[in-house]
Student: 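Here it is, the structure, as structure tokens.
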Amino acid sequence: MLASVRFPGDLAAATVTLPVRVRDLLPRDLPACAWSGSALHLRHVERELARAAAGEVDYLAVCTPADLPVAIGGVDYGVTEGAGTLWQLAVMPALQACGLGTLLVRAAEQRIRDRGLRTAALAVEEDNPRARALYERLGYVAHGREPDAWDEEGPDGTIRRHETMCLLMRKTLPDVGETPEVRGG
């Protein structure tokens, strides 16, 4: 279902609006998520889906009307006691800055509240100011920093260790019915 199409003066720059929905990411979705990372990354996501089946994490997908994931990310309940930790948040590059990341974070926060928790946490690489700006706009506040590292697969299939410094951020989630304070609209 096409919600709307808007044409500015230049027909080559049309705006198309489509409805999306958030649901659990499923193993059958992984081939359609190649945009989110390498084969190594997708194998890691597949392992996390096994943890989701066990109730240890939630792994979400924002999907188009054709049921294709265009944003994915998880909430891990075992990292910080009393909090849900958002991680592996990704939006299809061609669709970044369209509100999908905000929708994904809000859905993850709702999952955290549904578990009776009031705190959301995340870590963002210090050299990712765009993501940090999104999290700050959504009410996350920095409270520290720590190094992190993970394996990455290069285009030639070689594995290397990526080491980085992350900013730790958290947010107290409003109770159901409270209006969250959002800066910057």
Student: Nearest 0.5 Å, please: how far is CG in Leu40 from CG in Leu42?
Tutor: 9.0 Å

Student: Counting heavy atoms not belonging to Arg170, are there more than 12 under 6.0 Å from its CZ?
Tutor: no

Student: Has the side chain of Asp29 got a donor or acceptor atom that lies under 3.5 Å from a matching backbone atom of Leu26?
Tutor: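 Side chain of Asp29 to backbone of Leu26, a donor-acceptor pair under 3.5 Å: yes, one is there.
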
Student: Of all the heavy-atom pairs spanning Leu60 and Ala107, show the shortest one and how long it is.
Tutor: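 So the minimum-distance heavy-atom pair works out to CD1-C, 3.9 Å.
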
Student: Locate the shortest heavy-atom distance separating Ala120 from Tyr140; write the atom from each residue and the value.
Tutor: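 For Ala120 and Tyr140, the tightest heavy-atom pair comes out as CB-OH, 3.3 Å.
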
Student: Can we say Arg161 and Asp151 salt-bridge, meaning some charged N sits less than 4.0 Å from an Asp/Glu carboxylate O?
Tutor: yes

Student: How close do Asp156 and Thr158 get, heavy atom to heavy atom, and via which atoms?
Tutor: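 For Asp156 versus Thr158, the nearest heavy atoms are OD1-OG1, 2.7 Å.
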
Student: With hydrophobic residues grouped by side-chain heavy-atom distances under 4.5 Å, do Val62 and Leu68 end up in a single group?
Tutor: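 Cluster IDs for Val62 and Leu68 differ.
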
Student: Run the side chain to side chain contact (heavy atoms under 4.5 Å, CB included) test on Val105 and Lys171 for me, step by step, so that the C-alpha distance in whole Å, both residues' side-chain angles and the decisive distance to 0.1 Å come before the verdict.
Tutor: CA-CA 12 Å; Val105 170; Lys171 173 182 177 180; over 6 Å; no

Student: Is there a side chain to side chain donor-acceptor pair (under 3.5 Å) between Arg21 and Thr64? Walk through the geometry before answering.
Tutor: CA-CA 7 Å; Arg21 70 182 182 103; Thr64 67; over 6 Å; no

Student: What is the minimum heavy-atom distance between Trp87 and Asp76, and which atoms define it?
Tutor: CZ3-N, 3.7 Å

Student: I need the Leu134 CG to Gln96 CD distance, nearest 0.5 Å.
Tutor: 10.5 Å

Student: Are Glu46 and His41 close enough that a side-chain donor and a side-chain acceptor fall under 3.5 Å?
Tutor: no

Student: Are Pro65 and Pro19 packed together at the side-chain level, in the sense that at least one heavy-atom pair is separated by less than 4.5 angstrom?
Tutor: yes

Student: Measuring from Asp58:CG to Arg51:CZ, what's the distance to the nearest 0.5 Å?
Tutor: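 The CG atom of Asp58 sits 11.0 Å away from the CZ atom of Arg51.
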
Student: Check whether any side-chain heavy atom of Arg115 sits under 4.5 Å from a side-chain heavy atom of Val75, and report yes or no.
Tutor: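 Side chain of Arg115 against side chain of Val75, heavy atoms only: no contact under 4.5 Å found.
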
Student: List the atom of Ile72, the atom of Cys33, and the distance in Å for their closest heavy-atom pair.
Tutor: CG2-SG, 4.1 Å

Student: Arg118 and Asp175: salt bridge (Lys or Arg N to Asp or Glu O under 4.0 Å), yes or no, with the steps?
Tutor: CA-CA 8 Å; Arg118 294 281 318 272; Asp175 286 327; 3.1 Å; yes

Student: How about Arg145: does its CZ atom have over 12 heavy atoms from other parts shown lying under 6.0 Å from it?
Tutor: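 Check fails, neighbour count at 12 or below.
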
Student: Once you round to the nearest 0.5 Å, how far does CG of Leu167 lie from CG of Leu122?
Tutor: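 It comes to 8.5 Å.
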
Student: Is any side-chain heavy atom of Val20 closer than 4.5 Å to one of Leu100?
Tutor: yes

Student: If I take atom SG from residue Cys63 and atom CG from residue Leu25, how far apart are they, to the nearest 0.5 angstrom?
Tutor: 7.5 Å

Student: Below 4.5 Å, heavy atoms only, C-beta onward: do Val22 and Gln110 meet side chain to side chain?
Tutor: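 Val22 does not reach Gln110 side chain to side chain.
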
Student: Considering only NZ, NE, NH1 and NH2 on the basic side and carboxylate oxygens on the acidic side, decide whether Glu126 and Arg132 come within less than 4.0 Å.
Tutor: no

Student: Ala131 and Val124: which non-hydrogen atoms are nearest, and at how many Å?
Tutor: CB-CG2, 3.8 Å

Student: Take Thr85 and Tyr77, measure what side chain to side chain contact (heavy atoms under 4.5 Å, CB included) needs, and give me the verdict at the end.
Tutor: CA-CA 6 Å; Thr85 301; Tyr77 301 101; over 6 Å; no

Student: Can you find a heavy atom in the side chain of Leu30 that is under 4.5 Å from one in the side chain of Leu49?
Tutor: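 Yes; the side chains approach each other to less than 4.5 Å.
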
Student: Verify the cluster assignment for Ile112 and Val79: are they in a single hydrophobic cluster under the rule of side-chain heavy atoms below 4.5 Å apart?
Tutor: no

Student: What's the spacing between Arg43 CZ and Ser38 OG if we round to 0.5 Å?
Tutor: 7.0 Å

Student: Taking it one step at a time, do Val45 and Gln88 satisfy side chain to side chain contact (heavy atoms under 4.5 Å, CB included)?
Tutor: CA-CA 9 Å; Val45 172; Gln88 294 186 346; 3.8 Å; yes

Student: What I want to find out is whether Arg111 reaches Asp24 closely enough, with some N-O distance under 4.0 Å, to be called a salt bridge.
Tutor: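 Here Arg111 pairs with Asp24 in a salt bridge, since their nearest N and O are under 4.0 Å apart.
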
Student: Decide side chain to side chain contact (heavy atoms under 4.5 Å, CB included) for Tyr135 and Leu89; before the verdict, give the C-alpha distance in whole Å, the side-chain angles of both, and the deciding distance to 0.1 Å.
Tutor: CA-CA 11 Å; Tyr135 303 139; Leu89 303 175; 3.4 Å; yes

